[in-house]
Amino acid sequence: MSSSTTTFLDPYVALKGGYDVHVYFTLEQHAKATSLYHAFLAFLADHRVKPTFSFIYDQPPNFEGGPHKGPMWVVQLMGINPARDIIQEGGAARAIEHLGVALSWLMLNRQGLKVLVHPNVALPFGQVAEEKIDHDEYAVWMGIAHDPSPPELDIAFFDMLLSRDAKEVEEEAVQRLASVQK
């Protein structure tokens, strides 16, 4: 029998530049996206989260042709100090706390817009292979339709429940929860 070990990254150690929140929109969605941007920043301020920077790009930002290909806004949470390429005062723990505040709000309020959230593990900038991982393997997306739905989630289950009597469904759910807790 061979022994293998898996190494897991500790975000309190690996996170070097906070998180980036990207919200993508079409030109037709510009007003909605701008309203969402200002509401998001106000919510963050109300919860003492001060982004490193935030900006609305009406055209795709020119980062040598990518990776962002359309209009978007971006908010960097607890990111790098641009002058020194290091995380701001408060470190990774504060960035992780800020992410929870941001994700909680965006999950409920993104208004149909697509959201990409990724950590900035790759620092200093220019570590292209690591930046790709930040934007791909470590990324979280909201608003991306899965067609078909992934096999791990049977979204049609909810349609079946919606077609049934609400009281009956609620009673069954309580019974299932009680049996699991025994």
Side-chain angles (χ1 to χ4, degrees), residues 7-27 29-146 150:
T7 303
F8 295 98
L9 294 177
D10 180 343
Y12 292 93
V13 176
L15 188 63
K16 297 182 181 120
Y19 295 91
D20 288 351
V21 175
H22 302 270
V23 176
Y24 299 95
F25 55 91
T26 64
L27 292 178
Q29 297 169 317
H30 188 276
K32 179 195 308 189
T34 300
S35 175
L36 185 71
Y37 172 78
H38 292 294
F40 182 60
L41 290 178
F43 178 81
L44 294 179
D46 287 347
H47 294 277
R48 288 177 254 123
V49 174
K50 184 178 180 188
T52 308
F53 78 86
S54 61
F55 195 79
I56 298 175
Y57 293 94
D58 293 328
Q59 300 293 320
N62 186 12
F63 300 135
E64 298 178 11
H68 307 284
K69 295 295 190 179
M72 68 168 189
W73 55 258
V74 61
V75 173
Q76 189 177 66
L77 300 170
M78 208 50 209
I80 56 121
N81 176 328
R84 297 183 304 209
D85 251 5
I86 58 172
I87 197 163
Q88 289 180 330
E89 186 66 34
R94 196 157 168 211
I96 292 165
E97 176 187 335
H98 290 181
L99 178 65
V101 172
L103 282 178
S104 298
W105 192 89
L106 285 167
M107 285 177 191
L108 300 173
N109 296 292
R110 65 180 180 77
Q111 298 183 355
L113 298 177
K114 296 175 185 170
V115 179
L116 165 66
V117 180
H118 67 82
N120 290 308
V121 172
L123 279 180
F125 292 119
Q127 297 177 355
V128 177
E130 289 81 6
E131 287 185 49
K132 179 181 178 187
I133 292 170
D134 283 351
H135 286 79
D136 184 21
E137 287 184 44
Y138 301 155
V140 174
W141 281 94
M142 289 182 256
I144 301 297
H146 295 281

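In this chain, numbering begins with 1 at the start of the sequence shown.
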Step by step, would you call Y19 with V75 a side chain to side chain contact (heavy atoms under 4.5 Å, CB included)?
CA-CA 8 Å; Y19 295 91; V75 173; over 6 Å; no
Before you tell me yes or no, could you show the steps for K114 and Q29 under side chain to side chain contact (heavy atoms under 4.5 Å, CB included), namely the whole-Å CA-CA distance, both residues' side-chain angles and the distance that decides it to 0.1 Å?
CA-CA 11 Å; K114 296 175 185 170; Q29 297 169 317; over 6 Å; no
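Counting all heavy atoms, side chain and backbone alike, A92 lies closest to P11 at CB-O, 3.7 Å. Scanning both residues, L99 and L77, for their nearest heavy atoms gives CA-CD1, 4.2 Å. The shortest heavy-atom contact between P51 and L41 is CG-CD2, 4.0 Å. In terms of heavy-atom proximity, G18 sits nearest to A95 at CA-CB, 4.0 Å. Scanning all heavy atoms of the two residues, the minimum distance from L27 to D58 falls at CD2-O, 3.9 Å.
Evaluation of the ring-ring contact (aromatic ring centres under 6.0 Å, His included) rule for Y12 yields no partner, not counting sequence neighbours. By the ring-ring contact (aromatic ring centres under 6.0 Å, His included) test, H47 is found to be paired with F43, residues two or more places apart in sequence or in another chain being considered.
The side-chain heavy atoms of M72 and L116, taken from C-beta on, include no pair separated by under 4.5 Å. You'll find the side chain of Q76 reaches within 4.5 Å of the side chain of F53, heavy atoms only. Between W73 and L36 there is a side-chain heavy-atom pair separated by less than 4.5 Å. Using a 4.5 Å heavy-atom cutoff, the side chains of L103 and M107 are in contact. Put simply, the side chain of V121 does not reach to within 4.5 Å of the side chain of I133, judged on heavy atoms. You'll find the side chain of H98 stays beyond 4.5 Å of the side chain of V101, heavy atoms only. With a 4.5 Å cut-off on side-chain heavy atoms, Y37 and V23 do not count as touching.
Of the possible donor and acceptor atoms, one in the side chain of N109 sits under 3.5 Å from a partner among the backbone N and O of W105. At distances below 3.5 Å, at least one donor-acceptor pair connects side-chain atoms of S104 with backbone N or O atoms of G100.
Ring orientation note: the planes of H118 and H22 are close to parallel, at an angle under 30° on the 30°/60° scale. The aromatic rings of F25 and H30 lie perpendicular to each other, with more than 60° between the two planes, well past the 30° mark.
Heavy-atom contacts from other residues, nucleotides or ligands closer than 6.0 Å to NZ of K32 number more than 12.
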